[in-house]
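First up is the structure itself, then whatever we jot down about it.
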Amino acid sequence: GVDYIGYVFLQLSTTLLPFLVLVGANARAAGVFAAIWMMIAMLDTLAHNAGVPLAAEAARAPAEAAATERAVRWRTLVLVGAAAAIAAVAAWPLLHIFGAEFAAAGTLTFQLMAAASVPRAYAVISFAAMRAQRKVAPIAAIEATHAALVLGGCVLLLPQLGLVAVGIVWLGAQCALAGLCALMRARYTWGKTQ
């Protein structure tokens, strides 16, 4: 049940974000953001697809869980980091597929959100490891904090900075998410709870 609460906060932070852009900016910015969001979701899928098997494998073989987590974390961060770097460098041509206006309005936002995929991948893998250890209460608290940062930050900054505010807030929130996960992971190590 507690893990479900964490998923609710995750859904709030990701589902409401496009609506905040529509309300806080305008329909044109929302259209640009929709293209960005679609591509960023593909980057996030890489980490999620590594996290689910990690949780299952770590729960199945607890004696090897720490080594499995390190291997999955390293490979995932390298893969997501490389994909994010390519996406950031190719941001303008990728958005230009949707039109020159999309590329002009969304390149910086796309680059910021692509960079945020790396700390987000760290958090996703940390959550998977914590789930394997049945340490779900910290996940719910971290996801609630994340939702507050994303939604609150966008409400405050979107009217002043426009679409780039979403990229700044998203990057900041993912770095905070990864930092909180690192603190929790230091507390909940495999086979030991401090």
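All residue numbers in this chain count up from 1 along the given sequence.
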*Hey, could you give me each pair passing ring-ring contact (aromatic ring centres under 6.0 Å, His included) that has a residue in residues 118-161? Not counting sequence neighbours.*
His146-Trp170
*asked:* Tell me the closest heavy-atom pair linking Ala87 and Leu43, and the distance in Å.
replied: CB-CD1, 4.3 Å
*Closest approach of Trp92 and Ala104, non-hydrogen atoms and distance?*
NE1-N, 4.4 Å
*Working to the nearest 0.5 Å, report the span between SG of Cys181 and CD1 of Ile125.*
10.5 Å
*Following the transitive rule for hydrophobic clusters with a side-chain heavy-atom cut-off under 4.5 Å over Ile, Leu, Val, Met, Phe, Trp and Tyr, establish whether Val32 and Met42 coincide in one cluster.*
yes
*Can you pull the salt bridge (charged side-chain N to carboxylate O under 4.0 Å, His left out) pairs that have at least one residue in residues 155-180, sequence neighbours excluded?*
none
*Nearest heavy atoms of Val124 and Ala47, plus distance in Å*: CG1-O, 3.5 Å
*Shortest non-hydrogen contact from Ala84 to Ser117?*
CB-CB, 4.5 Å
*Output all residues satisfying side-chain contact (heavy atoms from CB on, under 4.5 Å) with Leu20, sequence neighbours left out; order by chain, then residue number.*
Leu151, Cys154, Val155
*Is there side-chain contact between Met184 and Ser126, with at least one heavy-atom pair below 4.5 Å?*
no
Can I get a per-line list of side-chain donor-acceptor pairs under 3.5 Å for residues 21-31, giving both atom names and the distance, sequence neighbours left out?
unit_1: Asn26; atom_1: OD1; unit_2: Arg28; atom_2: N; d: 3.0
unit_1: Asn26; atom_1: OD1; unit_2: Ala29; atom_2: N; d: 2.7
unit_1: Arg28; atom_1: NE; unit_2: Glu101; atom_2: OE2; d: 2.7

*asked:* Holding to side-chain contact (heavy atoms from CB on, under 4.5 Å), I want the full list of residues that pass it with Ala176, two or more places apart in sequence or in another chain.
replied: Leu149
*Value rounded to 0.5 Å, distance of NE2 in His96 from CG in Leu94*: 12.0 Å
_For Leu95 and Met39: C-alpha separation, side-chain torsions, deciding distance, then whether side-chain contact (heavy atoms from CB on, under 4.5 Å) applies._
CA-CA 10 Å; Leu95 288 173; Met39 289 184 273; 3.6 Å; yes
*Establish whether Val80 and Leu171 are linked, either directly or via other cluster members, by ILVMFWY side-chain heavy-atom contacts under 4.5 Å.*
no
Donor-acceptor contacts under 3.5 Å from residues 106-114 side chains, at least two apart:
unit_1: Thr107; atom_1: OG1; unit_2: Ala103; atom_2: O; d: 2.5
unit_1: Thr109; atom_1: OG1; unit_2: Leu163; atom_2: O; d: 3.2
unit_1: Thr109; atom_1: OG1; unit_2: Val164; atom_2: N; d: 3.4
unit_1: Gln111; atom_1: NE2; unit_2: Ala88; atom_2: O; d: 3.1

*Drop me the distance from Ile40's CD1 to Phe33's CZ, to the nearest 0.5 angstrom.*
8.5 Å
*Can you tell which of Thr145, Leu17, Leu177, Val166 makes a side chain to side chain contact (heavy atoms under 4.5 Å, CB included) with Val150?*
Leu17
*Enter the distance from Leu46:CG to Thr76:OG1 here, rounded to the nearest 0.5 Å.*
8.5 Å
